[in-house]
Structure formats: structure tokens, C-alpha cells
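Read through the structure below, which is laid out as C-alpha cells, and then see the notes.
Excluded from the calculations below are hydrogen atoms, water molecules and symmetry mates; all remaining heavy atoms, backbone and side chain alike, are included. Because the structure is predicted, anything quoted here is derived from the model rather than measured.
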Amino acid sequence: MAGLATAGVLVSVDAQKAAAQAASDSLLRTVLDRGKLIVGTGSTNAPWHFENDAGELVGMDITMGRILAKGLFDDPTKVEFVMQDPAQRIPNVTTNKVDITIQFMTMTAQRSQLINFTRPYYVEGVALLTLPTAENKTFDKLLAGGSATRISILQNVDAESSVHYALPQAQALQIDTQANVLQALESKRADAAAVDLSTVRWLASRNPDKYFDAGKSWYSMLYGAALRQGDLDWLTFVNQTFTIAMFGHESALYDAAFKDYFGQEPPARHPGFPVI
């Protein structure tokens, strides 16, 4: 029975046969015939897409591109990454300059009118970064501080309401750039910085002597990859590949990246009732 259970895992599908079965106008067929995947992404936003010390493009978005290439060609290196400005994430997909955009893109109903989103591959949120040496480094201590607690946050129309959602009495210090948001924390002008959850986990795991995760996150936002509309074969293939990598038997690439970039082990997958 164990042999029967694993037999399907060991079967490899010939790319040319797969291409022949895809609709003639599907991007799935085009990509398989081309022999490589073209991914639109960025290069300046750790832990999503950035250059490491060796000058290599890495990050969680980059890993998702390699996961898709592995699903297509059984080779995670058969991918070309096209650097693009965030403003080009949708246009480059709709004009076929890239096969897919994987660039920490928040899923919204408005954007979904222009492109298809894949299944989410990360749930982003707002979180609190503090100093490991601070007396009030945990969320409970920040909350207990009431109106004396100061939170730095990037200036925007929702900044104050975002802070007060978690800390109703805290002072919201709206600051012009993300770098200055962190600088306010480091200089102790702020007791905590309200930034993306992924940023908190990246900084706290890479620099534990400098940053601390206060243990609070809110405002869930879904990150998904963007595809051109009207191509069900391509959308279905990408969704299934991501699902297998996140919840199935080929999770090694996703798990290693999740631990490396967020400092956490993904939850264990247990056979039986699906929790996908």
C-alpha cells in the first residue's frame, strides 16, 4: 500500500506532452515550449526580493518564482527575473512582458478587475518592532503604557487609525520614510515601530541584538501573484503548483525560504482532513 501511495509522486510528466494538452492559446503551453519562465519582480525590498552579499537575487518572491519553474520544468533555475517598478506590476502582465508578477502584491477587489490573482502565498499584516533592551518591548507593556506609548509609523491617511486599532491610547508619530520610522525606534524617540509583519520577522530574526518582535500583528492582507485574465489553464497550473509547495509533498523550497526570511518554521502538515 505504501508503494501505491507514493507511486504517483515518482511519476514525471514530460513537458512537451504537457504542453500539447494545454489549450493552444494558453500561456502554459507558451512557457513550456519556450523552456523558461519569465517573472516580473523587484530587487530592493528584503525579505521579498533583494540582492544578497554575493550579488544574487533572493527573497520570498524569488523563491516562489523558482517553485513555479520547478513545477514547469523540474528545474528551479529555468526562470528569468525581470526587474520592474511596482507601478509596472499590472501593466507588464496585461501586455505579456512577463508571464507572472511575483512582487509582494496585496490582493484587492479593485486590482482583481484588471488581473487574476493566484492563491495567496503569504498573509501580511501590521506588527510592532521594539528594542530587545527596552523595558516595554512586549505588546502588553506597550498597551499598559497608555498615552505615554509612542509608535512610529509611515505617514499615510490611515496611519493614526492603524496604530489606535491595536493601541487605542498610544501616540502615533507619523514619519516620512520607512528608514526614518526605524530610526525613530533606534534613537528611542519611539517605543515601537509599526511596520509590516514580514519586516518585523526579517529584522528580528537577522538582528536579534538590535530588534525584537513585540508579539502583536493585525490587519491581515493577502499577497498573491498576478496573471493575465482569461487563461484558466495557466491560472489553475500556478495555483496547483503553489498549493503543492505550501501544503503538499514538495514543500522543501517554500519551507527553507520561510525559515530563512521570516525566522520561523512553517506549521507541520498532517495527512488526513485538509486544512488548506
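The main-chain N or O of R119 is found under 3.5 Å from a side-chain atom of N239 such that the two form a donor-acceptor pair. A donor-acceptor contact shorter than 3.5 Å links the side chain of Q229 to the backbone of S112. Between the R150 side chain and the K188 main chain, a donor and an acceptor come within less than 3.5 Å of each other. Put simply, the side chain of N156 gets close to the backbone of L154: a donor and an acceptor are under 3.5 Å apart. The backbone N or O of Q183 sits less than 3.5 Å from a side-chain atom of S187, completing a donor-acceptor pair. Under a 3.5 Å cut-off, the side chain of Q171 and the backbone N or O of S147 do form a donor-acceptor pair. A donor-acceptor pair is defined here as one N or O able to donate and one able to accept, closer than 3.5 Å; no such pair exists between the side chain of Q103 and the backbone of R89. No side-chain donor-acceptor contact under 3.5 Å links W48 to the backbone of S198. Listed for the S26 side chain is a donor-acceptor partner under 3.5 Å among the backbone atoms of L28. Between the S251 side chain and the Y254 main chain, no donor and acceptor come within less than 3.5 Å of each other.
The structure places CD1 of I100 at 10.5 Å from OG1 of T41, a figure rounded to the nearest 0.5 Å. If you take CE on M64 and CG on L253, they are separated by 9.5 Å, rounding to the nearest 0.5 Å. With rounding to the nearest 0.5 angstrom, the CG atom of D75 is 11.5 Å from the CG atom of L37. The distance from the CG atom of L227 to the CG atom of L232 is 11.0 Å, given to the nearest 0.5 Å. Taking OG1 of T130 as the reference point, atom NZ of K216 lies at 14.5 Å (rounded to 0.5 Å). Atom CG of residue N92 and atom CD1 of residue I115 lie 12.5 Å apart, to the nearest 0.5 angstrom.
Side chains of R228 and N96: a donor-acceptor N/O pair is present below 3.5 angstrom, by distance only. Side-chain contact of Y121 with D61: a donor-acceptor pair under 3.5 Å is present, judged by distance alone. No side-chain N or O of T30 forms a donor-acceptor pair with one of D33 less than 3.5 Å apart.
Using a 4.0 Å cut-off between a side-chain N of Lys or Arg and a carboxylate O of Asp or Glu, D255 and R269 qualify as a salt bridge.
Residues passing the side-chain hydrogen bond (donor to acceptor under 3.5 Å, both in side chains) test with K97, sequence neighbours excluded: none. Evaluation of the salt bridge (charged side-chain N to carboxylate O under 4.0 Å, His left out) rule for D260 yields R206 as partners, not counting sequence neighbours.
A 4.5 Å side-chain heavy-atom check between M107 and P120 finds at least one atom pair inside the cut-off. Taking 4.5 Å as the limit, every side-chain heavy atom of M60 sits out of range of all side-chain heavy atoms of Y122. Using a 4.5 Å heavy-atom threshold, the side chains of I175 and Q155 count as separate. Contact check for F139 versus L128: side-chain heavy atoms found under the 4.5 Å cut-off. When side chains are defined from C-beta on, H249 counts as touching I244, because their heavy atoms get closer than 4.5 Å. Residues T241 and I67 are in side-chain contact: their nearest non-hydrogen atoms beyond the backbone lie under 4.5 Å apart. Proximity of R201 to Q264: side-chain heavy atoms (C-beta onward) are separated by under 4.5 Å at one or more points. L142 has its side chain within reach of D191: a pair of non-hydrogen atoms, C-beta onward, lies under 4.5 Å apart.
Separation of the F104 and H49 ring centroids falls under the 6.0 Å cut-off.
Put simply, M221 and Y261 are part of two different groups of oily side chains (I, L, V, M, F, W, Y) that touch within less than 4.5 Å, one to the next. Transitive grouping of hydrophobic side chains (ILVMFWY, heavy atoms separated by less than 4.5 Å) keeps I102 and M105 in distinct clusters. Hydrophobic clustering (side-chain heavy atoms under 4.5 Å, transitive across Ile, Leu, Val, Met, Phe, Trp, Tyr) groups I151 together with L143. Cluster annotation: F262 is connected to V195 through the hydrophobic network of ILVMFWY side chains, with a link wherever side-chain heavy atoms come within less than 4.5 Å. Cluster membership check: M83 shares its hydrophobic cluster with V58, using side-chain heavy-atom separations under 4.5 Å among Ile, Leu, Val, Met, Phe, Trp and Tyr.
Closest heavy-atom contact between F73 and G35: CZ-C, 3.5 Å. Of all non-hydrogen atoms in H164 and A170, the two that sit nearest each other are NE2-O, 2.8 Å. Of all heavy-atom pairs between A193 and L182, the closest is CB-CD2, 4.4 Å.
The residue from D99, V98, T101 that alone fulfils the side chain to side chain contact (heavy atoms under 4.5 Å, CB included) condition with V82 is V98. Each of I62, T63, L68 was evaluated against R66; a single residue qualifies, I62, per the side chain to side chain contact (heavy atoms under 4.5 Å, CB included) test.
The aromatic rings of Y165 and Y219 lie tilted to each other, with the angle between the two planes from 30° to 60°. The aromatic rings of F237 and W234 lie parallel to each other, their planes meeting at an angle below 30°, with 60° marking the opposite boundary.
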Checking F50 against W202 for the ring-ring contact (aromatic ring centres under 6.0 Å, His included) test, could you report, in this order, the C-alpha distance in whole Å, the side-chain angles of both residues, the deciding distance, and whether it holds? CA-CA 13 Å; F50 63 102; W202 165 257; 5.2 Å; yes
